[in-house]
Amino acid sequence: MTNNKSVLNWIEEMKTLVSPDKVVWIDGSEEQLEQLRAEACSTGEMLKLNQEKLPGCYLHRTAVNDVARVEDRTFICSQNEVDAGPTNNWMEPQKAYKMLYDIARGSYKGRTMYVIPYSMGPIGSPLAKIGVELTDSIYVVLNMAIMARVGQAVWDVLGDNPEWVRGLHCKCEIDAEKRYICHFPEDNTIVSVNSGYGGNVLLGKKCFALRIASFLGKNQGWMAEHMLILGLQNPQGKVTYVAAAFPSACGKTNLAMLIPPEGYVKKGYKVWTVGDDIAWMRPGEDGRLYAINPENGFFGVAPGTNAKSNYNALASTGEGTIFTNVVQNLDDNTVWWEGLDKNPPKNAVNWKGEPWDGSTSSEKGAHPNSRFTAPAKNCPCISPEFDKGEGVPISAIIFGGRRAQTTPLVYQSRDWDNGVFVGSIMASETTAAAAGAVGVVRRDPMAMLPFCGYHMGDYFAHWFEMGKVLGDKAPKVFNVNWFRLDDEGHFLWPGFGDNMRVLDWIISRVEGTADAVETPIGFVPKAEDINLQGIEDEINLETLRNILVVDKDQWKKEAEGIEEFYKNFGDKLPQELRAQLDQLKQKLQ
Ligand code: OXD
Ligand code: MN
């Protein structure tokens with residue numbers, strides 16, 4: 001498999017710690033994976049679904065206390081507390097290792113240790129990075145084999161190199177009181193104990209590709225971002241790539257796989273998906289910013305996904321997919337979730353494994369955070385560039401949030417530094433759907449608050465540094481808000497595929513062919529420049545004008561909120577951001 005000394009030594013050390021009955025090296029072959037699927041089915045860890053309707057698809061149910069990422073139990077264990085910053089939990093590394101190793105000690109007794117070599121990014125790509133995950137869960141092996149590039153080729157590329165990310169996962173007893181997801185950025189190490197839920201245990205994803213990678217990126221001059229990547233092809237065949245960051249529940253996967261409105265399709269426009277969650281970006285030889293999606297699959301939220309909201313995501317789940325915590329329809333052994341269609345199965349099992357009748361039950365059948373793990377290659381609009389290691393050149397970076405008012409449908413920052421400010425003030429409002437006060441603004445800079453592996457103040461500074469490196473080749477920066485409401489709480493913008501109309505304006509700005517109006521916050525479109533052809537009954541020019549307005553009073557209030565938020569970062573807040581805020585206040589006078 002490998003002769004890499006740093007790998008072999010670490011595995012020996014971990015074996016001594018967790019005491020597995022046996023060790024299985026994952027070679028990435030279909031034979032081996034098939035054997036593991038059969039084994040998982042024999043123990044009940046997974047259920048084989050209807051192979052005619054859903055070939056290669058399986059269902060898994062997590063423990064009921066283990067259904068989501070646990071931010072309050074997620075730690076950045078840097079030597080100095082200040083380096084984790086005020087927005088992360090911190091633990092002293094020696095103390096954390098001791099605590100984790102005490103929990104992990106002997107926990108593989110009677111179990112198998114699976115050794116998963118994986119590459120985040122196409123194997124051998126100059127933008128890719130290698131990790132090794134040790135796990136006692138077949139579910140983790142099979143998910144990792146979808147979400148990352150796994151197997152012998154990874155060892156071949158790694159060779160003797162000691163630079164790789166260590167990941168130890170121990171299910172232990174799935175004890176919520178002893179659940180910890182700990183990151184040691186200075187040691188390239190992740191330890192996750194007492195969970196079996198994807199976001200906590202597929203260590204290549206949030207743990208490596210965002211928390212560890214953001215720290216590596218800062219030190220090595222690149223960026224690991226919580227962003228989708230899409231390519232927009234015009235009728236002449238030219239593809240322009242954009243990356244976009246949104247907090248959760250703002251439709252990131254939907255935007256990544258957008259189907260343009262009919263008028264655009266007829267003209268020959270097309271959207272290509274490169275990634276739906278994470279972007280690794282690095283300046284290329286020509287000075288532009290190039291991005292890869294380090295993942296190889298989609299770990300998407302199932303509820304709400306349907307043929308209308310996201311045809312491409314649904315199509316991606318038709319084969320070779322692992323469903324987690326959705327409803328099992330016993331009539332035909334398929335799956336269902338709220339928002340899939342209007343026909344919940346009667347003879348079914350809910351996400352907890354209990355009998356469930358969707359025609360009468362008042363309880364949800366699928367967990368609201370139920371998931372599909374689907375291979376990216378299944379996606380009908382997966383980009384031809386997806387597997388190419390050199391990445392795609394990013395022309396625009398788009399930030400967004402869910403705001404009933406204040407933030408216009410779209411605006412462009414004045415320049416890169418102003419764009420960093422726009423990203424730093426990203427926010428969403430709580431909706432009536434969630435418990436607690438409605439309309440409370442939650443700030444989530446660049447959608448990275450839960451995922452930045454170091455001090456957020458240093459993270460902002462890194463963005464300014466990247467701007468200096470990129471100079472006039474830097475992507476243009478925009479902000480969008482699909483969620484403006486009228487006084488009765490109706491959405492004013494149709495959203496979904498019609499968001500293409502806003503992307504269209506963004507690309508025109510990148511190409512310098514569209515005009516704009518300068519406002520205190522940046523450039524907004526002239527209403528006539530947003531194409532409303534085909535949706536005139538849904539939104540007229542007057543309404544569009546309304547959602548493009550920048551209201552000075554609302555923005556003065558916003559500036560106060562930003563000032564308050566910035567206090568969190570103390571003297572680590574880059575002075576450039578303070579200057580940007582002062583400038584905004586001045587422009588609002
Ligand atoms: C995700 C998240 O699962 O951002 O992608 O929470
Ligand atoms: Mn995400």
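As the structure lists them, so they are numbered: ligands from 1, and atoms in each ligand from 1.
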Quiz item: Would you call Lys206 and Asp277 a salt bridge, taking side-chain N to carboxylate O under 4.0 Å as the test?
Solution: yes
Quiz item: Hey, which atoms in ligand 1 end up nearer than 4.0 Å to a heavy atom of Asp277?
Solution: 5 (O)
Quiz item: What atoms of ligand 1 come within less than 4.0 Å of a heavy atom belonging to His226?
Solution: 4 (O)
Quiz item: Which word best sums up how the rings of Phe460 and Tyr566 line up, parallel for under 30°, tilted for 30 to 60°, or perpendicular for over 60°?
Solution: tilted
Quiz item: Between Arg371 and ligand 1, which part of the residue brings a heavy atom under 4.0 Å of the ligand: side chain, backbone, both or neither?
Solution: side chain
Quiz prompt | Ion pair check, Arg443 and Glu558, cut-off under 4.0 Å | solution = yes
Quiz item: So which protein heavy atom does atom 5 (O) of ligand 1 come closest to, and at what separation?
Solution: Lys206 NZ, 2.9 Å
Self-check item: Protein residue, atom and distance nearest to atom 6 (O) of ligand 1, heavy-atom basis
Solution: Arg69 NH2, 2.8 Å
Exercise. Apply ring-ring contact (aromatic ring centres under 6.0 Å, His included) to the pair Trp416 and Trp463, showing each step before the final yes or no.
Key: CA-CA 9 Å; Trp416 177 269; Trp463 269 78; 5.4 Å; yes
Quiz item: Are any of the heavy atoms in Lys252 under 4.0 Å away from ligand 1?
Solution: no
Self-check item: Exceeds 12 heavy-atom contacts within 6.0 angstrom, atom CZ of Phe464
Solution: yes
Exercise. Indicate if the distance from the Mn ion (ligand 2) to the nearest N, O or S atom of Lys206 falls below 2.8 Å.
Key: yes
Practice problem: Fit a plane to each ring of Phe208 and Trp280, take the angle between them on a 0 to 90° scale, and name the class: parallel (under 30°), tilted (30 to 60°) or perpendicular (over 60°). | Solution: tilted
Quiz item: Vertex the Mn ion (ligand 2): angle to OD1 of Asp277 and NE2 of His226, to 10°?
Solution: 90°
